[in-house]
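Let me begin by presenting the structure, written as structure tokens, before commenting on it.
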Amino acid sequence: MKYFTKEVKIGLAGIVALFMLIYGLNYLKGVDIFKPSKYIYVKFSDINGLTKSSPVYANGFKVGIVSDIVYDNLHPGNIAVEVELEQDIVLPKGTSAELQAEMLGGVRMNLLFAENKGDFYAIGDTLQGANNAGLMGDLSTELMPKIVMMMPKLDSILVSLNAILADKSIPSTLSSLDATMKNLERSSASLSVLLDKDLPQAMTKLDKIEDNVVTLTDELNDANIKDTFTKINSTLADVNQFTSKLGQSDNSLGLLVNDRAFYDNLNATAENAANLLKDLKEHPKRYVHFSLFGKKDK
């Protein structure tokens with residue numbers, strides 16, 4: 001017990017704390033120091049911003065991490081990337097690696113497995129790496145030149161747009177458009193009221209009119225229209241015969257209408273009657289004699 005002094009206990013606690021710190025830092029980096037692993041190297045000409053502790057994927061599944069990145073001084077222009085793989089991962093001969101740019105600016109390493117022919121890479125072997133620009137690279141290589149070509153047109157469009165917006169008639173036009181929209185809104189409300197209230201009432205009235213027309217049609221079908229028209233034709237024939245008789249002189253009414261002498265006599269009689277009435281009015285004593293005492297006037 002004399003060996004476990006206070007100083008020894010403090011030292012042991014410090015060692016345990018340091019170990020826990022190292023383990024925690026590696027665990028946060030994705031490195032499990034208790035899990036067996038193996039190392040391979042990948043040679044790149046440009047790592048495009050790849051960093052240590054970056055995950056390594058195979059077919060979208062994480063199979064390791066980047067443990068170290070070293071510039072190859074013996075072969076300038078080459079960069080050696082040390083990859084720590086899980087112990088059970090086997091790499092067939094011909095397997096390669098590529099770096100792919102992600103949308104948010106990161107870089108990920110993908111292992112491209114070759115067909116398994118029974119020959120595998122050993123620990124410490126070197127794979128050939130390549131860069132895959134990915135979607136962002138395609139955008140930069142294909143779209144950027146087109147965007148550059150479109151810039152002058154966009155600039156001219158912006159200049160024209162600024163000129164249009166600077167026109168003083170734009171505010172009045174917008175005001176008129178606003179008034180038009182308000183009128184359309186009111187018209188829409190009126191139309192809605194018409195469709196909701198007036199139109200159903202009108203349709204009801206039309207239905208009643210239709211029923212009345214149907215009833216009238218049924219009554220006309222039930223009526224003896226043929227006999228009615230026969231009677232009308234007979235009456236018209238009698239009227240026609242009457243008017244024909246008026247134009248002839250072989251009957252009394254025709255003589256009354258067509259005889260000139262009768263007309264002249266009738267006219268003379270009317271004139272004499274008028275003269276008689278006039279004389280009677282002017283000299284009544286010639287025709288009427290009246291005296292209270294029975295005396296006759298001369």
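If you read the sequence from its start, that first residue is 1, and numbering goes on from there.
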Problem set entry | Tyr71 side chain vs Pro76 backbone, donor-acceptor pair below 3.5 Å | no
Exercise. Is the backbone N or O of Leu158 less than 3.5 Å from a side-chain atom of Asn162, with the two atoms forming a donor-acceptor pair by type?
Worked result: yes
Seminar exercise, completed: Interatomic distance, CG@Asn233 vs CG@Asn240, rounded to 0.5 Å, equals 12.0 Å
Exercise. Just wondering, do Phe44 and Leu99 contact through their side chains at under 4.5 Å, heavy atoms?
Worked result: yes
Exercise. For the side chain of Thr180 and the backbone of Ser176, is there at least one donor-acceptor N/O pair under 3.5 Å apart?
Worked result: yes
For this session: Please check if the side chain of Asp125 supplies one atom and the backbone of Tyr121 the other of a donor-acceptor pair under 3.5 Å.
Result: no
For this session: Please indicate whether Lys231 has more than 12 foreign heavy atoms, meaning atoms of other residues, nucleotides or ligands, lying under 6.0 Å from its NZ.
Result: no
Exercise. Is Ile69 linked to Val107 within one hydrophobic cluster, defined over Ile, Leu, Val, Met, Phe, Trp and Tyr using a side-chain heavy-atom separation of less than 4.5 Å?
Worked result: yes
Exercise. Would Ile65 and Val70 show up in the same hydrophobic cluster when neighbours are defined by side-chain heavy atoms closer than 4.5 Å?
Worked result: no
Problem set entry | Gln128 side, atom CD; Glu98 side, atom CD - distance, nearest 0.5 Å | 12.5 Å
Problem set entry | Connected via hydrophobic side-chain network under 4.5 Å: Tyr41 and Met109 | no
Exercise. Do Tyr57 and Val42 sit in the same hydrophobic cluster, where Ile, Leu, Val, Met, Phe, Trp and Tyr count as joined when their side-chain heavy atoms come under 4.5 Å apart?
Worked result: no
For this session: Report the C-alpha distance between Glu82 and Tyr39 in whole Å, list the side-chain angles of each, state the deciding distance to 0.1 Å, and finish with yes or no for side-chain hydrogen bond (donor to acceptor under 3.5 Å, both in side chains).
Result: CA-CA 7 Å; Glu82 185 183 59; Tyr39 293 87; 5.7 Å; no
Exercise. Counting only heavy atoms not in Asn59, do more than 12 fall under 6.0 Å of its CG?
Worked result: no
Exercise. Between Ser192 and Ser188, is there a donor-acceptor pair closer than 3.5 Å when you use the side chain of the first and the backbone of the second?
Worked result: no
Problem set entry | Leu91 CG to Leu112 CG distance, which is reported to the nearest 0.5 Å | 11.0 Å
Exercise. Is Ile89 reachable from Val83 through a run of hydrophobic residues whose side-chain heavy atoms are each under 4.5 Å from the next?
Worked result: yes
Exercise. Could Asp72 and Lys43 be called an ion pair, given the rule that one side-chain N must be under 4.0 Å from one carboxylate O?
Worked result: no
For this session: Evaluate side-chain hydrogen bond (donor to acceptor under 3.5 Å, both in side chains) for Ser190 paired with Ser187, printing each intermediate quantity in order.
Result: CA-CA 5 Å; Ser190 301; Ser187 300; over 6 Å; no
